Amino acid sequence: MLSEPRSGRLAAWGNALLAGLVSPDDAVLAIVGEDAVHRVDGLPGESGPVGLTLALGRLRSLGASGLRVALPAPGHPLGLSGPPEFNARALDAEQAVICHGAALGLVPEVYEAGPDGDVHVEVVWHCLAVREAPPADVPSLGEAERELAEALREATEVLSRLDVAASGPVAEAAIDAYRARAERGHEVLAPGYPPRAVRVLELAQRVGLLISVAYERGHGGAVSASEMAARASALRPVERTARRAQVAAYNSVVEERERGVR
């Protein structure tokens with residue numbers, strides 16, 4: 001939950017590439033990550049799926065000057081601007097990338113193949129028309145940071161009272177895995193992002209980890225229906241706030257460029 005989405009990698013490293021801060025090879029390597037291959041289907045001027053290098057170059061030629069992330073959930077079209085057909089597909093995937101400067105969006109479809117222990121993941125990004133309008137419910141970096149800190153405090157108080165705070169072997173294993181990824185030199189964002197965006201995204205990911213642990217621990221000490229409802233009620237808004245913070249961090253380069261900061 002709230003781990004690094006593929007749309008985040010595509011937007012972050014695509015923005016770095018569009019800004020001339022990384023090479024096409026380095027950008028594609030970072031975007032693909034541990035997947036086997038990524039392709040883009042439906043790109044204007046192409047009759048079939050193409051590789052990421054060609055796709056990013058074509059998007060630039062079509063006017064794309066930046067990439068935004070959308071992380072929608074039922075009842076919360078976070079980062080979307082329409083039309084309904086694109087929104088529905090993005091909601092089904094729970095993520096999308098929207099081009100700034102070109103009325104196009106990309107929605108991932110994931111395919112897995114191979115036996116257990118040797119599964120290969122291929123991703124096809126479907127390129128679709130989008131409406132050029134402000135994205136829904138995306139806060140500024142400052143707003144996201146303040147909201148996230150407040151939501152985390154409130155949720156921690158409730159979860160601690162219900163004895164479902166992130167503790168125990170499941171939490172320890174998850175936190176160890178998170179630290180191991182950080183120690184391997186994992187870059188939270190691509191070159192060109194402001195330090196505040198990195199800080200906000202790191203906090204959002206840590207909050208997402210704690211939410212995941214709270215859910216995975218089952219009912220914990222919440223023995224009554226009312227206590228379980230209180231736990232869910234505490235987690236929902238902080239999860240929503242964390243998703244908003246993620247989108248704000250990934251989109252910060254484009255937002256700053258629009259304001260003339262960069």
Side-chain angles (χ1 to χ4, degrees), residues 2-46 48-72 79 86 89-90 92-102 104-113 119-128 130 135 181-182 184-194 197-198 200-202 204-205 208 243 246-255 257:
L2 292 175
S3 60
E4 183 181 41
R6 290 181 174 88
S7 58
R9 293 204 305 268
L10 176 57
W13 288 91
N15 282 328
L17 176 63
L18 291 172
L21 299 174
V22 298
S23 70
D25 287 346
D26 286 344
V28 169
L29 186 64
I31 293 166
V32 173
E34 297 180 358
D35 298 333
V37 65
H38 284 215
R39 297 185 179 89
V40 179
D41 192 24
L43 198 65
E46 297 295 336
V50 300
L52 277 177
T53 301
L54 190 156
L56 289 168
R58 178 60 56 80
L59 290 173
R60 185 205 297 267
S61 71
L62 291 169
S65 59
L67 302 174
R68 286 189 172 103
V69 170
L71 296 177
F86 180 82
R89 193 151 192 168
D92 186 57
E94 298 183 340
Q95 59 181 300
V97 171
I98 298 170
C99 299
H100 176 65
L104 296 170
L106 303 167
V107 179
E109 187 171 3
V110 179
Y111 300 89
E112 295 184 352
V119 175
H120 298 278
V121 177
E122 297 186 4
V123 179
V124 175
W125 293 88
H126 297 280
C127 185
L128 305 163
V130 300
R181 288 196 300 273
R184 286 199 300 268
H186 170 74
E187 292 186 75
V188 176
L189 281 171
Y193 276 84
V198 175
V200 168
L201 185 57
E202 285 181 326
Q205 290 176 343
R243 282 192 297 107
Q246 274 193 305
V247 172
Y250 285 123
N251 295 2
S252 59
V253 166
V254 177
E255 304 303 335
R257 188 179 300 129

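As the structure is a computational prediction, the values presented were derived from the model and not from experiment. Numbering of residues begins at 1 and proceeds along the displayed sequence.
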Got a donor-acceptor contact below 3.5 angstrom from the [X] side chain to the [Y] backbone?
X     : Y      : result
Arg6  : Pro108 : no
Asp41 : His126 : no
Arg68 : His100 : no

Could you tell me if the side chain of [Y] sits less than 4.5 Å from the side chain of [X], heavy atoms only?
X      : Y      : value
Leu71  : Pro5   : yes
Pro49  : Val124 : no
Pro44  : Leu104 : yes
Cys127 : Glu46  : no

Minimum-distance pair of heavy atoms, taken over all atoms of [X] and [Y]:
X      : Y      : answer
Ala249 : Leu201 : CB-CB, 3.8 Å
Tyr193 : Ala11  : OH-O, 4.0 Å
Val253 : Pro194 : CG2-CD, 4.4 Å
Gln95  : Ser7   : OE1-N, 2.7 Å
Ala96  : Ala90  : CB-CB, 3.7 Å
Leu189 : Ala12  : CD2-CB, 4.1 Å

> For Arg9, what residues pass the side chain to side chain donor-acceptor pair (under 3.5 Å) criterion, not counting sequence neighbours?
Replying inline: none
>> For the CD1 atom of Ile31 and the CG atom of Leu17, what is their distance to the nearest 0.5 Å?
In response: 7.5 Å
> What distance separates Leu67 CG from Leu56 CG, expressed to the nearest 0.5 Å?
Replying inline: 7.0 Å
>> Between Leu52 and Val40, does the side-chain contact (heavy atoms from CB on, under 4.5 Å) criterion hold? Intermediate values first, please.
In response: CA-CA 7 Å; Leu52 277 177; Val40 179; 4.0 Å; yes
> Does Arg39 have any salt bridge (Lys or Arg N to Asp or Glu O under 4.0 Å) partners at least two apart in sequence or in another chain, and if so, which?
Replying inline: Glu122
> Is there a side chain to side chain donor-acceptor pair (under 3.5 Å) between Asn15 and Tyr250 once you walk through the steps?
Replying inline: CA-CA 9 Å; Asn15 282 328; Tyr250 285 123; over 6 Å; no
Could you go through residues 22-29 and list every donor-acceptor pair under 3.5 Å that involves a side-chain atom there, pairing it with any protein atom two or more places apart or in another chain?
residue	atom	partner	partner atom	Å
Ser23	OG	Asp26	N	3.1
Ser23	OG	Asp26	OD2	3.3

> Stepwise, does the side-chain contact (heavy atoms from CB on, under 4.5 Å) test hold for Arg243 with Glu94?
Replying inline: CA-CA 11 Å; Arg243 282 192 297 107; Glu94 298 183 340; over 6 Å; no
